[in-house]
S.K.: 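For reference, the structure I am asking about is given below.
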Amino acid sequence: MIEYEPYQDDTEFSVPSYPARINESEEALRARLTYQSRKRGIAENCLILSTFFSEQGPNLPRKIVDQFDILINTVDSDWDLYYWMTGKDQPPPPYDNEVMKMLIEFTQKRKKYRLRLCVDTTA
C-alpha cells in the first residue's frame with residue numbers, strides 16, 4: 001500500500017489586486033454581481049452564491065456588497081471558496097470577513113440544499 005504525505009503549503013496568502021469601479025452606480029453594481037454570482041466556476045458555488053445574493057443582496061449594505069464583489073472576483077480556487085463557504089476550511093484573513101460569515105451561516109442553514117438551475121429556463 002502506498003502512503004501519501006498530506007500536502008503542506010506555508011506560502012503567504014495575498015489578495016490579488018482588483019480595480020475599483022469608481023463610476024459604477026449602485027443599481028449597476030448589484031446587477032453585475034447578480035450575474036457574476038451565477039457564473040462562478042463550479043456548479044456548487046454558482047448555486048450558493050446566486051441564491052445568497054438573490055435573497056439577501058438587495059438588502060445588504062454597501063460595505064458587505066463590496067466585500068462580496070471582491071470575494072467573487074479575486075478568489076482563484078473554486079474549491080477553496082466552496083470549502084470556506086461551507087465551513088469545511090477556515091478562510092484566510094483577507095476573506096475572513098462579514099460577508100464570509102454570512103455565507104457560512106447561509107450554507108449551514110441549508111444542509112439539505114435543494115439544487116436549482118443557475119439560469120432561467122422559462123425564457
Side-chain angles (χ1 to χ4, degrees):
M1 177 174 218
I2 299 173
E3 290 188 33
Y4 294 98
E5 275 188 43
Y7 176 72
Q8 294 288 327
D9 185 3
D10 296 330
T11 58
E12 280 291 316
F13 188 87
S14 63
V15 176
S17 63
Y18 182 64
R21 297 171 189 251
I22 297 168
N23 296 323
E24 187 174 37
S25 70
E26 187 81 19
E27 181 182 352
L29 169 67
R30 290 176 192 271
R32 176 175 58 80
L33 292 176
T34 298
Y35 176 80
Q36 288 179 331
S37 67
R38 290 182 288 184
K39 306 294 183 190
R40 186 59 185 103
I42 61 174
E44 292 85 350
N45 289 353
C46 170
L47 292 168
I48 293 169
L49 293 168
S50 65
T51 306
F52 170 81
F53 202 73
S54 68
E55 288 180 12
Q56 299 188 25
N59 300 318
L60 291 175
R62 179 64 187 249
K63 177 184 172 187
I64 305 294
V65 171
D66 289 341
Q67 290 176 3
F68 186 78
D69 187 9
I70 290 168
L71 177 72
I72 68 171
N73 286 296
T74 61
V75 174
D76 289 333
S77 171
D78 290 329
W79 285 108
D80 283 345
L81 180 57
Y82 175 75
Y83 290 134
W84 300 339
M85 292 187 301
T86 58
K88 295 186 187 312
D89 282 342
Q90 179 68 31
Y95 298 113
D96 192 9
N97 54 28
E98 293 172 72
V99 77
M100 182 57 71
K101 288 173 181 46
M102 293 174 76
L103 283 161
I104 291 169
E105 182 181 330
F106 181 79
T107 58
Q108 296 302 316
K109 286 182 178 178
R110 288 168 168 76
K111 289 236 183 219
K112 295 181 180 179
Y113 222 94
R114 258 188 220 191
L115 296 179
R116 69 181 180 110
L117 293 175
C118 296
V119 294
D120 182 8
T121 58
T122 60

S.K.: Test F53 against L33 for side-chain contact (heavy atoms from CB on, under 4.5 Å), laying out the working first.
M.R.: CA-CA 8 Å; F53 202 73; L33 292 176; 3.8 Å; yes
S.K.: Take L71 and L103 through the side-chain contact (heavy atoms from CB on, under 4.5 Å) test and state the conclusion after the steps.
M.R.: CA-CA 11 Å; L71 177 72; L103 283 161; 3.5 Å; yes
S.K.: Flag yes if Y35 and V65 sit in one hydrophobic cluster, no otherwise; membership is Ile, Leu, Val, Met, Phe, Trp, Tyr, and two members link when side-chain heavy atoms are under 4.5 Å apart.
M.R.: no
S.K.: Could you go through the side-chain contact (heavy atoms from CB on, under 4.5 Å) check for M102 and N97 one step at a time?
M.R.: CA-CA 9 Å; M102 293 174 76; N97 54 28; over 6 Å; no
S.K.: Once rounded to the nearest 0.5 Å, what's the spacing between atom OG of S37 and atom CG of N73?
M.R.: 10.5 Å
S.K.: How far apart are the closest heavy atoms of C46 and S50, and which atoms are they?
M.R.: O-OG, 2.6 Å
S.K.: Check side-chain hydrogen bond (donor to acceptor under 3.5 Å, both in side chains) between E27 and all other residues, then give those that pass, not counting sequence neighbours.
M.R.: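 Once residues adjacent in sequence are excluded, E27 has no partner under the side-chain hydrogen bond (donor to acceptor under 3.5 Å, both in side chains) criterion.
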S.K.: Rounded to the nearest 0.5 Å, what's the gap from CD1 on I70 to OH on Y95? Could you check?
M.R.: 8.5 Å
S.K.: Examine I48 and Y83 and state if one hydrophobic cluster contains both, with Ile, Leu, Val, Met, Phe, Trp and Tyr joined whenever side-chain heavy atoms are less than 4.5 Å apart.
M.R.: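 Cluster IDs for I48 and Y83 match.
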S.K.: Is the side chain of R40 donor-acceptor paired with the backbone N or O of I72 at a distance under 3.5 Å, no angle test?
M.R.: yes
S.K.: Can you see which heavy atom on T51 is nearest to which on S54, and at what distance?
M.R.: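 Nearest heavy atoms, T51 then S54: O-OG, 3.1 Å.
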S.K.: To the nearest 0.5 Å, tell me how far E24 CD sits from R30 CZ.
M.R.: 11.0 Å
S.K.: Tell me whether R21 contacts the main-chain N or O of L29 through its side chain, where contact means a donor paired with an acceptor under 3.5 Å.
M.R.: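 No; judged by distance alone, with no hydrogens or angles, the pair does not exist.
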S.K.: Quick one: sort the F52 and F106 rings into parallel, tilted or perpendicular, breaks at 30° and 60°.
M.R.: perpendicular
S.K.: Of all heavy-atom pairs between E98 and Q67, which one has the smallest distance, and what is that distance?
M.R.: N-OE1, 3.4 Å
S.K.: Closer than 4.0 angstrom, basic N to acidic O: yes or no for E105 and K109?
M.R.: yes
S.K.: What's the separation between atom CG in N45 and atom CG in L81, rounded to the nearest 0.5 Å?
M.R.: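 The CG atom of L81 is 4.5 Å from CG of N45, to the nearest 0.5 Å.
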S.K.: Identify the heavy atoms of T86 and Q108 that sit nearest to each other, and give their distance.
M.R.: O-NE2, 2.7 Å
S.K.: Just do the side-chain contact (heavy atoms from CB on, under 4.5 Å) check on D96 and K101 with the steps written out, would you?
M.R.: CA-CA 7 Å; D96 192 9; K101 288 173 181 46; 3.2 Å; yes
S.K.: Q90 side chain to W84 main-chain N or O, any donor-acceptor pair under 3.5 Å?
M.R.: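 No.
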